Amino acid sequence: MSSLQPVRGTHDLLPDDSRRHRHVEQTAFEVVKRYGYGEVVTPIFEFTEVFSRTLGETSDVVTKEMYTFADRSGDSITLRPEGTAGVARAFISGGLSQNLPLKLFYRGPMFRHERPQKGRLRQFHQVGVELLGVDSPQADVEVVSMAFRMLQALGLGDTVQLEINTLGDADSRTAYRDALIAYLEPFRDALSEDSRARLDKNPMRVLDSKDEGDKRIVAGAPLIQDCLTPGARAFFDEVCAGLTALAVPFVVNPKLVRGLDYYCHTAFEFITTALGAQGTVLAGGRYDGLIGQMGGPATPGIGWAAGVERLSMLVEDVPEAARPVAIIPMGDVQAAMVLADRLRAVGLAVDLGFSGNMKKRMARANKARARFAVILGDDEAARGAVTLRDLDSGSQEEVPLAALEERLLRP
RNA sequence: GCGGGUGUAGCUCAGUUGGUUAGAGCGCCAGGUUGUGGUCCUGGAUGUCGUCGGUUCGAAUCCGAUCACUCGCCCCA
């Protein structure tokens, strides 16, 4: 056991793992491309204010989970804990308000200084989308249903469940907040210690407390649905109707809330019971106020992000890498390299070992899952040919060197 | 940040009330096969028992600390 360990909560992705990881990323991108989303690549660090001002000064992410440091010029820099703030910043600094609506996809590492657990890392990866500049519920329907189609493409359509809620508009939220506090305040002494703190800081968080006593109290609490303005209600109804029309299964969870300050109207999560305490696999919502609040032109937005590691743990079928052709030189190594070069030029994956006798090289070919072994022997070479061995059937034939590509590319 | 569990070969794991040279399976290496893998047979090498310290004649085993992983809480993808 080496003393050289990775930093806590970080992970190496060796080829078998990275193939799975890329499959998730790539499938997500392929699906969202069908909706017209293009990839945006933003820096993995930003000035600290980009996150502290947008996520909410009191949120856990900002108060205790950010990787923040001063760079050599003394600026406060933070490794991004999520993707939306950086995309919003890029939108503003790039003057992209001329290009609305804008459909963006992103992928890459995120950083949060948390206690690691299954499905929770300090450096983890997300794929996500943002749809900017559309304030109609159609946008919500597109973005949520697109998430579901992506999960289906990964074979997870039946593994996850979509929960959806509305947080309403500003007036709805103010009214609801007041009603909720009025209801909970008389129970203050009966609430758990955590929930007493929530009551002061972010009352809606009391709703999804896991404490049994809290749950009993919360069961009688007013719901956001009771406080919605007519506009907010109509908006949510349209979102639900749209999802139904697209046959996207969902349940309304009136107690679903969001941790970050910038959300309004639609909030949703795809959850699973297969990952222990980390049930959320993809989550998102609408954030109409975010870009204006950051100093940009008032621009509505909606998006989601999914944890690549969490999805990877659920995905069962990952495509295998292409099977190579193995070249087995009997004597002339240079001739083997020339032949490998020729076959690679026509797109074949070629395995050519660096050492070993025939037996070793055959074993290596087998381990590489090679479909064929091309044996370069003196006898065949004298006839301008090679021996082609089918490693699945064990049969072999002599093939003229000139016809080798044609033979290998034949389906 | 708080609480519980675990840490032995590359991997998955045995290891008795503390006892002398720490084991198995898989994988790896070599041979059986001078130009034939995958199956089979034979043989071989695995190691700071996470790390540091303590108790003891003696520690993988008991104690403490520490690190990592893991489960739950908080929170979240």
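Note: hydrogens, waters and symmetry copies are ignored here, and every other heavy atom, side chains too, is used. Protein chains get the first letters and strands the later ones, always in sequence-line order, with residue 1 at the start of each. Bear in mind that the values here come from a model prediction, so they are computed numbers and not experimental data.
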Nearest to side-chain heavy atoms of A/Phe124, which nucleotide of B/G37, B/A77, B/C74: B/A77
Nearest listed nucleotide, side chain of A/Asp379, among B/A77, B/G35, B/C75: B/G35
Test: A/Asp16 and A/Arg19 ion pair at under 4.0 Å: yes
Sugar-phosphate only, base, or nothing, as touched by A/Gln117 at under 4.0 Å among non-hydrogen atoms: base
Check: A/Asp169/A/Ser172 side-chain N/O donor and acceptor closer than 3.5 Å: yes
Nearest-neighbour nucleotide for the A/Arg310 side chain, B/A77, B/A68, B/G32 considered: B/A77
Value in whole Å for how far the P atom of B/U34 lies from CD1 of A/Ile328: 17 Å
Distance, C1' atom - from B/G23 to B/U61, rounded to whole angstrom: 15 Å
No-H, no-angle donor-acceptor pair, A/Gln396 side chain to B/G37 base, under 3.5 Å: no
B/C49 versus B/C2 - spacing of their C1' atoms, nearest Å: 31 Å
Side chains of A/Gln396 and A/Thr387, donor plus acceptor under 3.5 Å: no
Nearest-Å distance once atom C1' is located in both B/G19 and B/A24: 22 Å
Minimum-distance nucleotide to A/Lys210 side chain [options: B/C74, B/A77, B/G35]: B/C74
Nearest-Å distance for atom pair NZ/P, residues A/Lys64 and B/C74: 10 Å
Face-on cation placement of A/Lys33 at A/Phe29 ring, 6.0 Å and 45° thresholds: yes
Watson-Crick or G-U wobble partner of B/G35, both distances under 3.5 Å: none
A/Arg120 (side chain) and B/C71 (base): donor-acceptor pair under 3.5 Å: no
Along RNA chain B (nearest heavy atom to each residue), the more 5'-positioned of A/Ala305 and A/Ser209: A/Ser209
Distance-only donor-acceptor check, side chains A/Ser195 and A/Arg198, under 3.5 Å: yes
B/C28 to B/G10 separation - C1' atoms, rounded to the nearest Å: 8 Å
Any N/O donor-acceptor pair, A/Asn366 side-chain to B/G38 base, under 3.5 Å: no
First of A/Met358 and A/Asp392 reached from the 5' end of RNA chain B, by closest nucleotide: A/Met358
From B/C75, B/G72, B/C69, nucleotide with atom closest to A/Arg205 side chain: B/C75
Expected output: side-chain A/Asp71 to main-chain A/Asp75 donor-acceptor under 3.5 Å: yes
Nucleotide nearest A/Arg115 when distance is taken to its side chain, options B/G37, B/U70, B/G35: B/U70
Proximity to the side chain of A/Lys359 - top-ranked nucleotide from B/C75, B/A77, B/G32: B/G32
Per A/Lys360 side chain, nearest of listed nucleotides B/C74, B/G37, B/A30: B/A30
Identity of whatever pairs with B/G43 - Watson-Crick or G-U, under 3.5 angstrom: B/C29
P gap between B/U21 and B/G38, integer Å: 39 Å
Residue pair A/Thr272 / A/Thr159, side-chain donor-acceptor N/O under 3.5 Å: no
Closest to the A/Glu114 side chain, choosing from B/G35, B/G37, B/A77: B/A77
G-U wobble or Watson-Crick pairing nucleotide for B/G7 (cut-off 3.5 Å, both distances): B/C67
Rounded interatomic separation in angstrom, taking CD1 from A/Ile327 and C1' from B/G35: 17 Å
B/G72 pairs with, by Watson-Crick or G-U criteria that keep both distances under 3.5 Å: B/C2
Proximal nucleotide (of B/A30, B/A68, B/G37) relative to the A/Met362 side chain: B/G37
Watson-Crick or G-U wobble mate for B/C49, both contacts under 3.5 Å: none
Side-chain donor/acceptor contact of A/Arg389 with base of B/G37 under 3.5 Å: yes
Paired nucleotide for B/U20 [Watson-Crick or G-U wobble; both distances under 3.5 Å]: none
Sugar-phosphate, base or nothing in reach of A/Ala363, heavy atoms under 4.0 Å: sugar-phosphate
